[in-house]
Protein chains: 2
Amino acid sequence: MRRDIQKDAVPVLCASCEGRNKGICSTLDCEQFVELARTSRKSAAASGAALLGEAERIDRYATILSGVVKLTKTLSDGRQQIVGLQFAPDFLGRPYRSESTLNAEAATEVVLCSFPKDAVERMMQESPELERQLYRQALDELDEAREWMVMLGRKTASEKIASLLVMFARHAASSDTTGRNSARFDLPLSRADIADFLGLTIETVSRQLTRLRNDKIICIENNRLIIVPDLRRLNARAGN
Amino acid sequence: MRRDIQKDAVPVLCASCEGRNKGICSTLDCEQFVELARTSRKSAAASGAALLGEAERIDRYATILSGVVKLTKTLSDGRQQIVGLQFAPDFLGRPYRSESTLNAEAATEVVLCSFPKDAVERMMQESPELERQLYRQALDELDEAREWMVMLGRKTASEKIASLLVMFARHAASSDTTGRNSARFDLPLSRADIADFLGLTIETVSRQLTRLRNDKIICIENNRLIIVPDLRRLNARAGN
DNA sequence: CGGCTGGTTGACGAGCGTCAACGAGCGTGG
DNA sequence: CCACGCTCGTTGACGCTCGTCAACCAGCCG
């Protein structure tokens, strides 16, 4: 299961790559780009595949081309918490540390483009733009993490669920028509994942979702497709 | 109350400054250092003073010379959560964003050395070392934030309290003799702050502390001085 | 058909929040 | 000097929310 990041490796034809103008590739000049491309590997991972284990050595970084990756931490007795969700075209990896402090797992089908750790780090030395881009992503992740800390520490179960749905609606909306007051998206997480994300149990997640459905704030189809007819009503349940 | 960061401003004699060889100052070369020093201001803030408000414009960055700063976020109905604690010689500020998304407040007496925002940002453009240093701090803060997310989402009240005490014990130990199995430190936070940090109420904090005292795992003097005779026993209560 | 995974629903109870009373320390003002 | 008000912390009684345990259903695959 481990090491899925490396199987299915095919030479990358960057010219046609959807990530060429996004993520870290977009900051590189032509020469750097060619150098990085030479060592890159495109790979796919099935939903649930482990990409990186806690306390495991990191030897490759990657950018997410499509799909959702969840970052988790686990206590010794098995209690688990999702501490980050990453979407395309996020950068995956923790510079300046040789061992991972968390697990990375594919939450959906995921396509990655990975590079050797030292190639990226060398390039970071040479290219302030690259480092700046990564710094910005880290700052954004930090802002997000702090937003979630408020959610985990201070919101009730139903506010947590509503907040999560709002977040997914926003993520879906950004690639969709903007300024809409309704939303429709596929949940990228299972009930168990949602529970691990919100610091709840699957039963509580399930109950809160059916409550939102009974209150006609959302429709659920096939357990995964969510339709929000009125985002304001959902937002009103999110706390903030 | 606001703007305490600017009062008490005195010219900084950097030569004798305890922060000269720590924090961002340590990464600057002589020329840069002189330039930054010219615009720096040393200032003190009393415990409880607001350093920066949510949605307020940021016009100065700072390094913490002594004391503890708490970063908080507040929901519209007043529920509050501490999302970060910063100690000397941390850098205070959020580059690449003009408005703050959180409140910064002095948790203890605090001494800061502040610089104009644009001076620091100009210097970040010129000095990759400076940017790298800030990037590293952001990554460390991100690691910490994720650690706390596990705590907030998955730990019980007593585990939360124990974890917090362990964290303070470590912070105190790093400046003290190392490798000790006991600890003794002043709580830099009030019961209300602890509650806001752990996502609990002050009553629960109080109850859990007296439980640890009754179980002889800690001694409490004057409500603030904590003595931990056996760190392993405390650690065993912290979960992980 | 049976087993398995993922989700829902119900009954029950523990943990922690809420509300309230109370004590200690401390500065203020008479 | 004591009375007082205030803040901060502790303790108790009570109840709600959410976790626990269990049964059950739907879909899927062998």
Side-chain angles (χ1 to χ4, degrees), chain A residues 1 46-49 70 75 77-81 105 107-108 151-165 186-215 218-226 237 239, chain B residues 1 46-49 75 77-81 107-108 151-165 186-215 218-226 237 239:
Chain A
M1 191 70 105
S47 171
K70 57 182 194 197
L75 297 178
D77 62 357
R79 283 175 288 177
Q80 204 177 37
Q81 175 70 42
E105 187 176 318
T108 64
M151 197 195 63
L152 289 170
R154 291 304 184 195
K155 289 193 179 177
T156 65
S158 58
E159 288 171 333
K160 286 179 179 181
I161 294 285
S163 302
L164 184 74
L165 293 180
D186 250 326
L187 267 186
L189 300 184
S190 67
R191 300 293 188 270
D193 284 340
I194 295 176
D196 282 349
F197 186 89
L198 300 176
L200 299 172
T201 59
I202 53 175
E203 294 93 334
T204 303
V205 170
S206 186
R207 275 187 258 269
Q208 297 299 334
L209 281 174
T210 67
R211 203 152 78 87
L212 284 177
R213 194 185 50 202
N214 290 341
D215 295 354
I218 60 172
C219 299
I220 308 178
E221 282 176 21
N222 298 329
N223 281 337
R224 281 294 178 114
L225 178 66
I226 305 283
R237 302 260 179 141
Chain B
M1 191 69 108
S47 171
L75 297 177
D77 62 357
R79 282 174 288 177
Q80 205 177 37
Q81 176 70 42
T108 64
M151 197 196 64
L152 289 170
R154 291 304 185 196
K155 289 194 180 177
T156 65
S158 58
E159 287 171 334
K160 287 179 178 180
I161 294 285
S163 301
L164 184 74
L165 293 180
D186 250 326
L187 267 186
L189 300 183
S190 68
R191 300 294 188 270
D193 285 340
I194 296 176
D196 282 349
F197 187 90
L198 300 176
L200 299 171
T201 58
I202 53 174
E203 294 92 334
T204 303
V205 170
S206 186
R207 276 188 257 269
Q208 295 300 335
L209 281 175
T210 66
R211 202 151 79 85
L212 284 177
R213 193 186 51 203
N214 290 341
D215 294 355
I218 59 172
C219 299
I220 307 179
E221 282 176 21
N222 298 328
N223 280 336
R224 281 293 179 115
L225 178 66
I226 305 284
R237 300 260 179 142

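In what follows, chains are A, B, ... by sequence order, proteins preceding strands, each numbered from 1.
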Between [atom2] on [N] and [atom1] on [X], what's the gap in Å once rounded to a whole number?
| X | N | atom1 | atom2 | result |
| --- | --- | --- | --- | --- |
| B/Ile202 | C/dA20 | CD1 | P | 14 Å |
| A/Ile220 | C/dG6 | CD1 | P | 18 Å |
| B/Lys160 | C/dG15 | NZ | C1' | 11 Å |

Looking at every non-hydrogen atom in both residues, tell me the closest pair between [X] and [Y] and how far apart they are.
| X | Y | answer |
| --- | --- | --- |
| B/Ala157 | B/Thr204 | CB-CG2, 3.8 Å |
| B/Asn223 | B/Leu187 | O-CD1, 4.5 Å |
| B/Met151 | B/Ser163 | SD-CB, 4.2 Å |
| B/Ile161 | B/Gln208 | CG1-CB, 3.7 Å |
| B/Ser47 | B/Ala107 | OG-O, 3.3 Å |
| B/Pro188 | B/Arg224 | C-NH1, 4.1 Å |

**OP:** Nearest-nucleotide wise, let me know which of B/Asn223 and A/Gln208 is further upstream toward the 5' end of DNA chain D.
**Re:** B/Asn223
Subject >> Of A/Arg154 and A/Thr210, the one whose closest DNA chain C nucleotide lies more 5' >> reply: A/Thr210
Subject >> Along DNA chain C (nearest heavy atom to each residue), the more 5'-positioned of A/Glu203 and B/Lys155 >> reply: A/Glu203
Subject >> Contact interval (first through last nucleotide) of DNA chain D with protein chain B, 4.0 Å heavy-atom >> reply: D/dG9 to D/dA13
**OP:** Specify the angle, to 10°, made by the local axes at the two ends of the helix from C/dC1-D/dG30 to C/dG30-D/dC1 when five pairs are taken at each end.
**Re:** 20°
**OP:** Please check if the side chain of B/Arg154 supplies one atom and the backbone of A/Arg79 the other of a donor-acceptor pair under 3.5 Å.
**Re:** no
**OP:** Taking only heavy atoms on the protein side, list every residue of residues 189-200 of chain B lying under 4.0 Å from any atom of DNA chain C, sorted numerically.
**Re:** B/Gly199, B/Leu200
Original post:
If only side-chain N and O atoms of B/Asn222 are considered, is one of them under 4.0 Å from the OP1 or OP2 phosphate oxygen of C/dG25?
Top reply: no
Original post:
Does a side-chain N-to-carboxylate-O contact under 4.0 Å join A/Arg237 and A/Asp215?
Top reply: yes
Does any part of the side chain of [Y], heavy atoms only, come nearer than 4.5 Å to the side chain of [X], both counted from C-beta?
| X | Y | value |
| --- | --- | --- |
| A/Leu209 | A/Ile218 | yes |
| B/Ile226 | B/Ile220 | yes |
| B/Asp186 | B/Thr108 | no |

